[in-house]
Amino acid sequence: MTTKKNQHTFHIPVMGLGYTIDSPIRVAQYGISSVVSIIDDDLMEKMNAFYSKKFKIPYQEISEKIHDFRAKRVTSYLNLMDTIVKEKFENFKIELSESKQTLENYIAMLPNKSEIRQGLQNLIDEGIAVKETVKKYVEEHLTLGEIDVNIMTKVDKDNFVKNEQLPVEFNDAHASLRGFANSKLTSSVVLSAGMNPRLYAYFENFPVFYPDANGKLQKKIILKVSDFRSAMIQGNFLAKKGLWVSEYRIESGLNCGGHAFATDGYLLGPILEEFKQKKDQLIQSAHDLMVKALELKGVAIPHQPLELKITVQGGVGTAEEHNFLLEHYQVDSVGWGSPFLLVPEATSVDPETRALLEKAKEDDFYLSDLSPLGIPFNAVKGTTNDFYKNKRIQEDKAGSSCPKKYLALSKEYGPKGMCPASKKYQDLKLEELDAVKDSLSADVYTKRKEAITVKACLCVGLANASYLENNIKIKGQAQGVVICPGPNLAYFDKEVSLLEMVRHIYGNTSVLGNIDRPNVVINELKMYMDYLKKEIDSFSEQITLAQAKKLNTFKRNLYDGIEYYQSLFATHNWFEKGKQTLEIQLNKYKNELQSIGIPEVATV
């Protein structure tokens, strides 16, 4: 039997809580993989009801009164998606064999060098694209896009029944993982936001994450990482438990959507180069540790190391950049996130927010302090969430009613935790601030107050777009919509079809606006330069030795990154059309970086 290959060289990463909540239902039949957040069980329950009705599938509500309701909601929704996606895939294969237009559109959506594209085109060119021939070909070659899931490891709040704390397996991320493990899916869980040892250890409870006698994994683990060192540490930690990481998903620290986890000045190119050079080391190290662990557990041991993929995402905007990452760094797939927010066929976005994104320019995208997690958060000006949040501040009613509490992680005021975006938390903080108001200057007081009230209710705001798009009633306090696109979206300025966006990715059309868009390499470099300047400006005239060391390391790593790119583009013919501009910009930032001074170290 012919080995089936992935049709596409890109994937759609998770976006917010709701923007990709049903993306597999929309795109998986075309072989496009996407990632669903499984943190918000309330949203999943409502989407379960919505899609059960739409596809005439019996629906059984899972209320919060049911034991282990959170995990059961996750399992139920994922099983529903699996059923719908498989049905749509079978219908799509029939349509391909019966409709020449559908077949031609599908061929146009595939990569230019795709063997499947060539095979289908040959059937048409040779005049043998009859129903049975096409049907046989698609059955042998086409695969579904993956229904992968995402768990942000830090969103793992303790839960209580009244005042009694539940066991750790009922923590939010733990319950989400259990929900995925118990589902019918054969796919992967993407773990983001760093290592959670307690959650990682919990994987050991589920046999589906261990290889079978043939070395096959029913469910796989993907780690989103920022650099090779992090991949090695986390991969080996899991390997010691007999668990294999099937993919490392490298994301630009700043040139991405959602939370931004800046590196110590390491740019994406040098990071990918290290993965390329040391991939075998990563594989062998994890394999050796995993074999020892599996021996101790007395379970099946794979004779050879299992497959390991390296993928990348963050700020990619052209076919040229896409191919550069695929071919030079030999990655297995490239993530395209934010541009798909302008594709109604692929993502769940309400019309008002999508219109805002179409009009947004470079200056409208910014790195904010909105997140209750205290991590920089990509945002865009003019959202409805900004309107409602600012209205409450003006009325001296700052803060959210906090109905979902997924980010109620601060234990400052008690073991149950509070969310820094909640009214309860902000009232306490504002009281503390007012108590020392007389000892502060007006400017300092205003800044401290803004630092408290700027936090947004992400739990509601990141889910509301899905409710609005599908006309699902929103209860409770008005929060509006929070959206967290990467700054790369500034160069995409119109709603486009799925076919157009995919053809853009493969270089067969362009959906970019008229604005001059810098290369992905330059965009990321500029963001890191701005980040360094902001970090320096945040200090007074003198800083500690440790702070100076950190800033100098950041600066040196940026300098090394620029030199890496200069050397690479001097010896390789990537970006031929814009090569001269790229070289000029790299040199400009190199000179600018050299002129940036680090503040003096404070003397005792």
Side-chain angles (χ1 to χ4, degrees), residues 9-10 111-113 225-232 248-256 263-283 308-336 488 491 504-507 510 512 516-529 531-532 553-596:
T9 57
F10 75 93
N112 298 328
K113 296 178 182 178
V225 294
S226 57
D227 56 39
F228 184 82
R229 181 175 174 273
S230 173
M232 182 68 85
Y248 289 98
R249 189 159 284 189
I250 303 146
E251 185 173 65
S252 168
L254 294 179
N255 196 8
C256 60
T263 65
D264 291 330
Y266 293 110
L267 298 172
L268 193 58
I271 291 169
L272 289 172
E273 188 68 48
E274 188 171 11
F275 273 93
K276 178 182 173 182
Q277 300 299 333
K278 298 180 179 177
K279 184 178 177 181
D280 289 343
Q281 180 184 333
L282 195 63
I283 291 170
L308 175 67
K309 292 182 178 180
I310 305 293
T311 63
V312 62
Q313 57 201 41
V316 184
T318 67
E320 200 176 24
E321 292 170 358
H322 181 82
N323 292 332
F324 163 61
L325 294 170
L326 283 174
E327 294 173 24
H328 182 71
Y329 296 110
Q330 296 162 20
V331 297
D332 295 281
S333 179
V334 178
W336 283 67
N488 184 44
Y491 310 107
H504 170 83
I505 291 170
Y506 295 136
S510 177
L512 285 171
D516 183 29
R517 178 186 175 278
N519 186 283
V520 64
V521 164
I522 298 301
N523 270 329
E524 187 192 44
L525 175 56
K526 180 183 182 299
M527 287 171 205
Y528 270 97
M529 292 284 286
Y531 187 88
L532 175 61
T553 298
F554 193 104
K555 182 178 174 180
R556 185 176 66 251
N557 289 337
L558 270 187
Y559 190 86
D560 290 346
I562 293 171
E563 291 211 315
Y564 164 84
Y565 281 130
Q566 287 180 320
S567 174
L568 175 65
F569 298 137
T571 54
H572 293 75
N573 289 323
W574 298 110
F575 310 117
E576 286 183 13
K577 291 178 185 175
K579 188 173 182 180
Q580 190 175 2
T581 304
L582 187 56
E583 288 171 349
I584 291 169
Q585 289 172 321
L586 284 170
N587 207 46
K588 172 199 155 199
Y589 281 116
K590 188 176 184 179
N591 292 332
E592 188 180 327
L593 183 64
Q594 286 174 316
S595 69
I596 294 175

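We number each residue from 1, following the sequence as shown.
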Asker: Within a strict 4.5 Å, meaning less than it, do heavy atoms of the Val316 and Asn488 side chains meet?
Answerer: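 The answer is no, as the side chains (C-beta and beyond) never meet within the 4.5 Å cut-off.
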Asker: If we ignore hydrogens and angles and just use 3.5 Å, is the side chain of His328 paired with the main-chain N or O of Phe324 as donor and acceptor?
Answerer: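 No; zero donor-acceptor contacts below 3.5 Å.
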Asker: Please indicate whether Tyr266 has more than 12 foreign heavy atoms, meaning atoms of other residues, nucleotides or ligands, lying under 6.0 Å from its OH.
Answerer: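 Result for OH/Tyr266: open.
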Asker: Does Ser333 offer a backbone N or O that forms a donor-acceptor pair with the side chain of Lys309 under 3.5 Å?
Answerer: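 No.
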Asker: Counting heavy atoms not belonging to Gln580, are there more than 12 under 6.0 Å from its CD?
Answerer: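 For Gln580, atom CD is not crowded (no more than 12 foreign heavy atoms under 6.0 Å).
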Asker: With side chains defined as the heavy atoms from C-beta onward, is the minimum distance between Glu321 and Phe575 less than 4.5 Å?
Answerer: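 Heavy-atom side-chain distance check passes, below 4.5 Å.
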Asker: Under 3.5 Å, side chain of Tyr565 to main-chain N/O of Ile522, donor-acceptor pair present?
Answerer: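 The answer is no, because no donor-acceptor pair under 3.5 Å joins these two groups.
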Asker: Using only atom types and a distance under 3.5 Å, with no angle test, would you say the side chain of Lys555 pairs donor to acceptor with the backbone of Leu532?
Answerer: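 Absent.
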Asker: Surrounding NZ of Lys276 (heavy atoms of other residues, nucleotides or ligands, distance under 6.0 Å), is the total greater than 12?
Answerer: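 Enclosed: over 12 neighbouring heavy atoms sit under 6.0 Å from NZ of Lys276.
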Asker: A side-chain contact here means heavy atoms from C-beta on lying under 4.5 Å apart; do Phe569 and Leu586 qualify?
Answerer: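 Counting from C-beta outward, Phe569 and Leu586 do come under 4.5 Å.
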Asker: Go through Val312 and Tyr329 one step at a time and tell me if the side chain to side chain contact (heavy atoms under 4.5 Å, CB included) criterion holds.
Answerer: CA-CA 10 Å; Val312 62; Tyr329 296 110; over 6 Å; no
Asker: Can you list the residues that meet the salt bridge (Lys or Arg N to Asp or Glu O under 4.0 Å) rule with Lys278, with sequence neighbours excluded?
Answerer: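 By the salt bridge (Lys or Arg N to Asp or Glu O under 4.0 Å) rule, Lys278 matches Glu274.
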